[in-house]
*Asks:* 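Right, I'll just put the structure down here and ask away after.
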Amino acid sequence: QVQLVESGGGLVQAGDSPRLSCAASGRTFSSYAMGWFRQAPGKEREFVATISRSGRSTTYADSVKGRFTISRSNANNTAYLQMNSLKPEDTALYYCAATLHILLTTTPDGYAYWGQGTQVTVSS
């Protein structure tokens, strides 16, 4: 089992470039593929990005491709989401998640472990 804690959210301006962090504790971090999801008020939770256990493979939602970058440090047990060129429509509660699945998955059902989320609010 792994415990996840997100940080780095807050109120930002459109065009800003904050970085979210997801600190993991418990079972060996490198055993998990990691994902980032987000949920805006009144909407379903949606996939943002995922990264393989080694960090060599990544997948992004079309809405963030070219603006967001997912990465990880297995030495520091942390996953990151670098967000560039933020837009008001990126406003949401951002969650990190972990899965033991080998293949990258983009659906929430594929992840067994979740953090509590960190709010990102983008003002125009």
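For clarity, every value in this text was computed on a predicted model and none was experimentally measured. Every heavy atom of this structure was used, including side-chain atoms; hydrogens, water molecules and symmetry mates were not.
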*Asks:* Output the distance between atom CD (Glu6) and atom OH (Tyr95), rounded to the nearest 0.5 Å.
*Replies:*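 Here the interatomic distance stands at 8.5 Å.
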*Asks:* Any donor and acceptor pair, going by atom type alone, linking the side chain of Thr69 with main-chain N or O of Leu81 inside 3.5 Å?
*Replies:*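 Flag not set: sc Thr69 to bb Leu81 has no pair under 3.5 Å.
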*Asks:* Below 4.0 angstrom, N of the basic side chain to O of the carboxylate: do Lys65 and Asp62 qualify?
*Replies:*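 So Lys65 pairs with Asp62 through a salt bridge.
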*Asks:* Taking all heavy atoms of Asn74 and all of Arg53, pick out the closest pair and write down the distance.
*Replies:*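 The answer is ND2-O, 3.1 Å.
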*Asks:* Applying a strict under-4.5 Å side-chain criterion to I, L, V, M, F, W and Y, I'd like to know whether Val48 and Tyr60 cluster together.
*Replies:*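 Same hydrophobic cluster.
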*Asks:* If I compare all heavy atoms of Val12 with all of Leu86, which pair ends up nearest, and what's the gap?
*Replies:*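 Nearest pair, atom of Val12 first, then Leu86: CG2-CD1, 3.6 Å.
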*Asks:* Does any part of the side chain of Arg38, heavy atoms only, come nearer than 4.5 Å to the side chain of Thr91, both counted from C-beta?
*Replies:*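 Not touching, per the 4.5 Å side-chain cut-off.
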*Asks:* Looking at residues at least two apart in the chain, or sitting in another chain, which of them share a side-chain hydrogen bond (donor to acceptor under 3.5 Å, both in side chains) with Lys43?
*Replies:*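 Scan of Lys43 (side-chain hydrogen bond (donor to acceptor under 3.5 Å, both in side chains), adjacent residues dropped) gives none.
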*Asks:* How many angstroms lie between CG in Leu93 and CD in Gln116, if you round to the nearest 0.5 Å?
*Replies:*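 Reported to 0.5 Å precision, the distance equals 8.5 Å.
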*Asks:* I need the Glu44 CD to Gln39 CD distance, nearest 0.5 Å.
*Replies:*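 Between atom CD of Glu44 and atom CD of Gln39 there are 8.0 Å.
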*Asks:* For a quick test of reading the model, state the closest non-hydrogen atom pair linking Thr78 to Ala23 and the distance between them.
*Replies:*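 Heavy atoms only, the tightest pair is OG1-CA, 4.3 Å.
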*Asks:* When rounded to the nearest 0.5 angstrom, what is the spacing between CG in Leu4 and OH in Tyr111?
*Replies:*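 Result: 11.5 Å between the selected atoms.
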*Asks:* Would you say that Arg67 contacts Asp90 through its side chain, given a criterion of any heavy-atom pair below 4.5 Å between the two side chains?
*Replies:*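 A side-chain contact exists here, since the closest heavy-atom pair is under 4.5 Å.
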*Asks:* Kindly give the heavy-atom pair with the smallest separation between Phe47 and Thr106, and that separation in Å.
*Replies:*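 Scanning both residues completely, I find the closest heavy atoms to be CB-O, 3.1 Å.
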*Asks:* Can you get from Tyr113 to Met34 by hopping between Ile, Leu, Val, Met, Phe, Trp and Tyr side chains that sit under 4.5 Å apart?
*Replies:*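 Same cluster.
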*Asks:* Kindly assign one of parallel, tilted or perpendicular to the pair Tyr94 and Phe68, based on the angle between their ring planes and the thresholds 30° and 60°.
*Replies:*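 Because their plane-to-plane angle lies in the 30° to 60° range, the rings of Tyr94 and Phe68 count as tilted.
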*Asks:* Where do Pro88 and Ser124 come nearest, in terms of heavy atoms and distance?
*Replies:*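 Heavy atoms only, the tightest pair is CG-CB, 3.8 Å.
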*Asks:* Going by heavy atoms in the side chains, are Phe29 and Ser73 under 4.5 Å from each other?
*Replies:*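 The answer is no, as the side chains (C-beta and beyond) never meet within the 4.5 Å cut-off.
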*Asks:* Checking Arg45 against Phe37: charged group under 6.0 Å from the ring centre and within 45 degrees of the axis?
*Replies:*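 Judged by the rule, Arg45 and Phe37 form no cation-pi pair.
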*Asks:* When rounded to the nearest 0.5 angstrom, what distance separates CD1 in Ile51 from CH2 in Trp36?
*Replies:*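 It comes to 11.5 Å.
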*Asks:* If you round to the nearest 0.5 Å, how far is OG of Ser52 from CG of Leu104?
*Replies:*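 Rounded to the nearest 0.5 Å, the CG-OG separation comes to 6.0 Å.
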*Asks:* Quick one: closest heavy-atom pair of Gly9 and Val120, and the distance?
*Replies:*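 Nearest heavy atoms, Gly9 then Val120: CA-CG2, 4.0 Å.
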*Asks:* Do Gln3 and Val5 have side chains that approach each other closer than 4.5 Å (heavy atoms only, starting at C-beta)?
*Replies:*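 When only atoms from C-beta onward are counted, Val5 and Gln3 do not touch, as no gap falls below 4.5 Å.
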*Asks:* I want to check something: taking the side chain as every heavy atom from C-beta on, are Tyr32 and Leu100 in contact at a cut-off of under 4.5 Å?
*Replies:*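 Heavy-atom side-chain distance check passes, below 4.5 Å.
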